[in-house]
2 protein chains.
Amino acid sequence: MERFNVLVCDDDPAIVDALEIYLKHENYGVIKAYSGTQALQALAQHEIHLILLDVMMPEMDGLAATIKIREERNIPIIIISAKSEDTDKIAGLNFGADDYVSKPFNPLELMARVKSQMRRYTALGSIALKNGVLKSGGLELDREARELRVDGEIIRLTPTEYGIVVFLMENLGHVFSTAQIYEQVWNEPSYAAENTVAVHIRRIREKIEINPGEPKYLKVVWGIGYKIDKY
Amino acid sequence: MERFNVLVCDDDPAIVDALEIYLKHENYGVIKAYSGTQALQALAQHEIHLILLDVMMPEMDGLAATIKIREERNIPIIIISAKSEDTDKIAGLNFGADDYVSKPFNPLELMARVKSQMRRYTALGSIALKNGVLKSGGLELDREARELRVDGEIIRLTPTEYGIVVFLMENLGHVFSTAQIYEQVWNEPSYAAENTVAVHIRRIREKIEINPGEPKYLKVVWGIGYKIDKY
DNA sequence: CCTGATTCTTAATAAAGCTTTAAGATTTTC
DNA sequence: GAAAATCTTAAAGCTTTATTAAGAATCAGG
């Protein structure tokens, strides 16, 4: 199995070191940087697969430069935000980061998000139209407007349902176990509840399928998991 | 899609460069200036859609520049203030600035405000009639006259209510969380108060809806926020 | 600067909508 | 046919939004 490298960038060495321990425990390679400039250097020298980045660093230009790199290479970035109040803002912003956690963070949660991004990064299989619209057959997902249309008709989805659909649409044709879906959508490190994903799948099917008992879009692969096919 | 140009004006080149990178990441064109005089020059030479302006500059300070700019053109201006005191804020807004952030600022927050102003300026997602009138179904918002009409009848709104309606009308069809609404309308960096937006929403509904319990215009999206739909 | 009116916020409670749990039914595979 | 996996349903539990009212803050006119 390939080994993935994570670039950790924070001006506080204590945080960087702590993250290093967690990441190494999960068998990631760790490259450390304490400023934007150092991060840039590291990106040029090493093969980096993911970046953990503190938003609030003294030298903003360094941080900005790091993001500039991302324009060229589409590496997943997880933002670490100092204030928990910022989370909404960052989420609401179409800033370009892939995920965020707020300080102080739960290391397990952070690890879960790292894993999520890694999977997302390594399992891309979707057809992106303009404006972040994903399409497959009669399904059309507009992530910007947060809308799903089935044969042109807008379908009202709850937050969890929407999360599941986004995840599967972002990875068309790829099969995910209930555990994987749970971890991704709920952003939890592990899947404890036995049946909850199944129930949500059922509800989604009721909303998007003509015959929920014989799904056309949201299919099961027996013994493996669920998927939405590339049309 | 049209490309918008932002004029960045600050006497500190590091800040200008950093902002440039952020803005370019959001696909804005960037024109740089390092003094008020240069800013005015740039305005004459380029097509500018928004200005980011530092208050404290040599030669001509931001406020003076704001007045000059306002004399000629009605471009959105965001003031960047070194002091967090209210004096600057009030002065800036009185002299015609549309928004302000204080240094040191969170780049993400600044980007959010830039986007917000851009939306305001272009009213993307809404149907802009002449004279800055926005319309959706029976709702008609005349920003110049500061009037909202529902089916032709003028509705009296308090300042806060009006602010919320303007914000939602300028972003028809887009859902905003209560936190986002608060931050935008109140111009505060974070949303502490638990329930105040909900109360205002309620009162707006009482004024604009036939049946406030079953709103036709100001709709809720469960778990996400509020919106006014494109008609 | 008072004073009264308007507007805004806070808080508490109610209602609505969503998620999870659990338990039995059904389907698939071997 | 038996075991394992998935499906289905309903109800309990939880979160979000709605509603109301009262007190605080703000504003305009004297």
Side-chain angles (χ1 to χ4, degrees), chain A residues 88 91 146 148 155-168 175-188 190-209 211-228, chain B residues 86 90 146 148 155-165 167-168 175-188 190-228:
Chain A
D88 263 329
R146 202 196 166 277
L148 178 73
I155 302 294
R156 217 175 94 92
L157 295 176
T158 70
T160 308
E161 287 159 14
Y162 181 76
I164 293 172
V165 170
V166 167
F167 175 49
L168 294 177
V175 188
F176 296 94
S177 70
T178 47
Q180 284 176 313
I181 291 171
Y182 189 86
E183 282 157 22
Q184 279 281 346
V185 175
W186 275 253
N187 249 327
E188 299 278 339
S190 73
Y191 182 50
E194 276 304 308
N195 192 34
T196 150
V197 169
V199 174
H200 284 287
I201 293 284
R202 161 71 183 172
R203 285 255 183 54
I204 294 166
R205 280 173 172 164
E206 268 172 2
K207 289 180 177 179
I208 70 172
E209 304 280 1
N211 180 3
E214 210 177 293
K216 181 177 143 195
Y217 297 115
L218 211 173
K219 287 182 181 158
V220 67
V221 178
W222 226 88
I224 311 292
Y226 299 95
K227 66 169 176 175
I228 295 176
Chain B
D86 278 357
I90 292 158
R146 202 201 165 277
L148 178 73
I155 301 295
R156 214 178 99 90
L157 295 175
T158 69
T160 309
E161 287 160 14
Y162 182 76
I164 293 171
V165 170
F167 177 50
L168 294 177
V175 188
F176 296 93
S177 70
T178 47
Q180 285 175 314
I181 291 171
Y182 189 87
E183 282 156 20
Q184 287 287 335
V185 175
W186 274 253
N187 217 339
E188 298 279 337
S190 74
Y191 182 51
E194 278 303 308
N195 194 33
T196 149
V197 169
V199 174
H200 284 288
I201 292 285
R202 156 75 185 170
R203 278 207 284 270
I204 294 166
R205 278 174 172 163
E206 267 172 3
K207 290 179 179 179
I208 70 172
E209 304 280 0
I210 298 161
N211 179 3
E214 211 177 290
K216 181 177 144 197
Y217 297 116
L218 212 174
K219 288 183 181 157
V220 67
V221 178
W222 211 92
I224 309 296
Y226 299 95
K227 66 169 176 177
I228 295 176

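Chain naming here is simple, since letters A, B, ... match the order of the sequence lines and numbering starts at 1 in each. Because the structure is a prediction, the values reported are computed rather than measured.
Phosphate proximity of C:dT7 to B:T158: absent, as no side-chain N or O sits under 4.0 Å from OP1 or OP2. A close approach under 4.0 Å does occur between a side-chain nitrogen or oxygen of B:T160 and OP1 or OP2 of C:dC8. Distances shorter than 4.0 Å separate some side-chain N or O of B:R156 from OP1 or OP2 on C:dT7. Distances shown here put a side-chain N or O of B:H200 below 4.0 Å from the OP1 or OP2 atom of C:dT9.
Taking for each of B:E206 and B:G225 the nucleotide of DNA chain D with the nearest heavy atom, the 5'-most of the two is the partner of B:G225. Across the interface with DNA chain D, nearest-nucleotide mapping of B:I224 and A:P212 shows A:P212 to be the residue nearer the 5′ end. The residue among B:V199 and A:T196 whose nearest nucleotide of DNA chain C is located toward the 5' end is B:V199.
Nearest to the side-chain atoms of A:W222 among the listed nucleotides C:dA22, C:dT9, C:dT29 stands C:dT29.
Looking at heavy-atom distances under 4.0 Å, B:Y226 makes contact with sugar-phosphate atoms alone, never a base. Residue-level contact check: B:R203 touches the bases, meaning some heavy atom is under 4.0 Å from a base atom.
What separates CD of B:E161 from P of C:dT9 is a distance of 11 Å, to the nearest Å. We find that CG of B:N195 is positioned 14 Å from C1' of C:dA15, with the value rounded to whole Å. Summarising the geometry, the separation between CH2 on B:W186 and P on C:dT10 is reported as 11 Å, rounded to the nearest angstrom. Rounded to whole Å, the distance from CZ on A:R205 to C1' on C:dT27 is 12 Å. In this entry the distance linking CG of B:L157 with P of C:dC8 reads 10 Å, nearest Å.
For DNA chain D, the span of nucleotides reached by chain A at under 4.0 Å from its heavy atoms goes, 5' to 3', from D:dA4 to D:dT9.
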